Amino acid sequence: TPLDKIRNFSIIAHIDHGKSTLADRLIQRTGGLTEREMSAQVLDNMDIEKERGITIKAQTVRLDWKGYVLNLMDTPGHVDFAYEVSRSLAACEGALLVVDAAQGVEAQTLANVYQSIEHDHEIVPVINKIDLPAAEPEKVRAEIEDIIGLDASNAILASAKSGIGIDEILDAIVERIPAPKGDASAPLKAMLVDSWYDPYLGVVILVRVMAGVLKKGQEIAFMAGGTRHLVDRVGCFRPKIEQLTELGAGEIGFITAQIKEITETRVGDTITDAKKPAAEPLPGFKEVQPVVFCGLFPTDANDFEKLRESISKLRLNDASFSFEMETSAALGFGFRCGFLGLLHLEIIQERLTREYDLDLITTAPSVVYHIHLAHTKNEDARVIDLHNPADMPDPTRIESIEEPWIEATIYVPDEYLGSILKLCQDRRGIQKDLTYVGGRAQLKYELPLNEVVFDFYDRLKSISRGYASFDYHQIGYREGDLVKMSILVNDEAVDALSMIVHRAGAETRGRGMCERLKDLIPRHMFKIPIQAAIGGKVIARETIAALRKDVTAKCYGGDASRKRKLLDKQKEGKKRMREYGNVSIPQEAFIAALRMG
Ligand code: GTP
């Protein structure tokens, strides 16, 4: 296809503003799908994506419109996947900015719009859902201008649901978004935008060719990954697979090259011709690193192998989460897993539970701390990365601890501002900015990531009845007065419950943990002390009183079979418990205890 007949664009939208619905509508209008095939949303093809309404993996579709080839690049819609978003945007020349006519501009929209502007995109504003009675398109148009600073005078009024404005959108893509540039005679440079594992095709790689031509049969090299492969398929999605012989500069499509492991295909890598390589890779490649870690353990110890298999299978399709084996005195064998963020963690956890039918215990999520160790007689001073409180080194060797910080942007209607400010303050936040836009406050806060990973987002949503929106990016490490808090049940430390906390908040957190555990752990035959401690110092304490009666007491002298039946019954009730020393801790306790009050 000649360059001037190509348009590459993505759709930027806040969650639920109608990105997928619009994408489906564009596909349908341009003939990619029939009405019947439309009935299931096409772009969000995973169940969990559908249920949560979140796009996890980018997909791309080629559309034909009035003699032009339009490549629609779908982008993930959550902060956890910000790097993948940046690569998808780098593959395009423009974007549709979809804003809900009733909801208006929200924080997540902003983050992606600014990224898009950084990529020099031509942005076409689309005010969607104008069919809703609560739609206020003129107010939203003003918001787009005031808040984002984009000219919205030619924003398209649309309803993806009822099919209003679809032709205008397609025409605007052709007229307003520039054609891609790229020298087809230069050595091949193609950006790896995304990859996924397909049981029939192996690893499928989504590419944007920046220069040169990518052909079937060509030997290619990954410049960051360092491996070489023979291209055995080249094609595009309409959204059904269509095979092609080549993809030229400016084009978007997919290739396969008999690659078995997704780890070989890193998002943002440059693909070049192995025989005639490009002099330098494309800018912007970054190795993605997990930022949130937690332990995943099977509730039933016999499920360990099943968990290992399931995790390995999931990992086939998601190179951004990591896992290694971990043993815990309380929980036995399991895995320490790393994720891009809490949502990513929840998605994996949910898939393991649902698709693989596993019952799991999740330990306290932790961020990665930098621990500065003093030198000793035998060892030099050094810095270690710590992501499991159980591995905390001897405190006397620690010079200082640094923790990751984020900058958060929060949008909130005025009436909830007070409680949101308090929440941020309680989480050690430093206010950087507070401005008003329309009836809403825009807050900027610096916060320790550690204070955000637990339940910040949930709290924010519940305090604001769902009206606040939240977005963040990391801003580096800062020293903090951090300590490891251990939880002792019946005088034994339960490693899965230990966590790293700020000293100033330790007592409150410790007390909260002990109080919740007191309610969560059933009574036993004996008195159980529950303590929170820093080093050897107990900072909070609760006691679970002893049960008065032995369940079998009334059987004394009774017949043995009845007694066994009772014991069996008791055992049944214990199935979802974890024996710890001689105390049984129910599965829910591990997660419930970690929720902050
Ligand atoms: P993510 O995939 O999370 O980014 O969400 P999304 O932006 O793709 O939203 P989606 O297309 O799934 O739409 C969210 C909800 O809004 C769905 O219930 C849609 O049916 C509805 N919706 C989308 N477009 C319109 C519209 O034009 N009018 C009305 N009334 N509802 C719409």
Side-chain angles (χ1 to χ4, degrees), residues 9-29 32-33 35 37-61 72-82 84-86 88-89 92 95-113 115-116 123-137 139-141 144 155-170 172 194 239 340-344 346-347 350 411 457 461 466 469-471:
F9 71 103
S10 60
I11 304 180
I12 298 170
H14 188 74
I15 292 169
D16 274 354
H17 283 200
K19 185 173 74 176
S20 309
T21 311
L22 176 61
D24 289 352
R25 195 54 81 179
L26 296 176
I27 295 167
Q28 185 200 24
R29 180 70 185 91
L33 288 175
E35 187 78 42
E37 287 168 320
M38 271 284 298
S39 64
Q41 273 198 356
V42 184
L43 282 187
D44 286 355
N45 50 13
M46 270 167 42
D47 274 358
I48 294 172
E49 291 191 7
K50 222 172 274 170
E51 263 173 47
R52 298 188 159 218
I54 298 160
T55 310
I56 296 162
K57 277 275 153 197
Q59 282 269 21
T60 179
V61 187
L72 158 58
M73 175 77 73
D74 195 14
T75 50
H78 193 274
V79 284
D80 285 5
F81 307 101
E84 282 165 330
V85 174
S86 87
S88 310
L89 295 181
C92 301
L96 301 179
L97 167 64
V98 178
V99 184
D100 187 317
Q103 300 286 325
V105 173
E106 310 217 35
Q108 181 64 46
T109 325
L110 284 179
N112 285 353
V113 173
Q115 273 209 45
S116 186
I123 297 169
V124 178
V126 174
I127 299 172
N128 188 35
K129 305 198 190 182
I130 56 158
D131 59 296
L132 287 178
E136 292 183 277
K139 189 175 158 212
V140 173
R141 193 195 296 273
I144 295 174
I156 298 164
L157 302 186
S159 166
K161 196 170 177 182
S162 13
I164 303 167
I166 303 304
D167 286 15
E168 285 94 317
I169 292 172
L170 289 161
D194 192 14
L340 297 176
L342 264 204
L343 178 84
H344 189 209
E346 282 172 35
I347 290 167
E350 219 169 293
Y411 259 95
Y457 189 64
K461 285 283 173 192
S469 55
F470 168 70
D471 183 45

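For ligands, and for the atoms within them, numbers begin at 1 and follow the listed sequence. This is a predicted model, so every value here is computed, not measured.
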Check whether any side-chain heavy atom of [X] sits under 4.5 Å from a side-chain heavy atom of [Y], and report yes or no.
| X | Y | result |
| --- | --- | --- |
| Ile156 | Val124 | yes |
| Leu132 | Lys161 | no |
| His14 | Asp100 | no |

Give the single entry among Gly163, Ala160, Ala158 that approaches atom 27 (O) of ligand 1 most closely by any heavy atom.
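The option holding the nearest heavy atom is Ala160.
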Near [X], which atoms of ligand 1 are under 4.0 Å from a heavy atom of that residue?
| X | result |
| --- | --- |
| Ser159 | 26 (C), 27 (O), 28 (N) |
| Leu132 | 30 (N) |
| Thr21 | 10 (P), 11 (O), 13 (O), 19 (C), 23 (C), 24 (N) |
| Gly18 | 6 (P), 7 (O), 9 (O), 10 (P), 11 (O), 13 (O), 23 (C) |
| His14 | 7 (O) |

Asn128 vs His17, side chain to side chain contact (heavy atoms under 4.5 Å, CB included): CA-CA, chis, key distance, verdict
CA-CA 7 Å; Asn128 188 35; His17 283 200; 5.9 Å; no
Heavy-atom pairs closer than 4.0 Å: do any link ligand 1 to the side chain of Lys19, the backbone, both, or neither?
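Both of them.
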Check each heavy atom of Asp131 against ligand 1 and say whether those closer than 4.0 Å belong to the side chain, the backbone, both or neither.
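The answer is the side chain of Asp131.
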What do the steps show when you test Ile164 against Leu157 for side chain to side chain contact (heavy atoms under 4.5 Å, CB included), and what is the final call?
CA-CA 8 Å; Ile164 303 167; Leu157 302 186; over 6 Å; no
Please check: side-chain N/O of Ser159 versus main-chain N/O of Lys129, any donor-acceptor pairing under 3.5 Å?
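No; zero donor-acceptor contacts below 3.5 Å.
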For ligand 1, find out whether one of its N or O atoms is nearer than 3.5 Å to an N or O atom of Lys161.
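It does: an N or O of Lys161 is found under 3.5 Å from an N or O of ligand 1.
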Non-neighbouring partners of Asp167 that pass salt bridge (charged side-chain N to carboxylate O under 4.0 Å, His left out), sequence neighbours left out:
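Checked Asp167 against salt bridge (charged side-chain N to carboxylate O under 4.0 Å, His left out); matches are Arg29.
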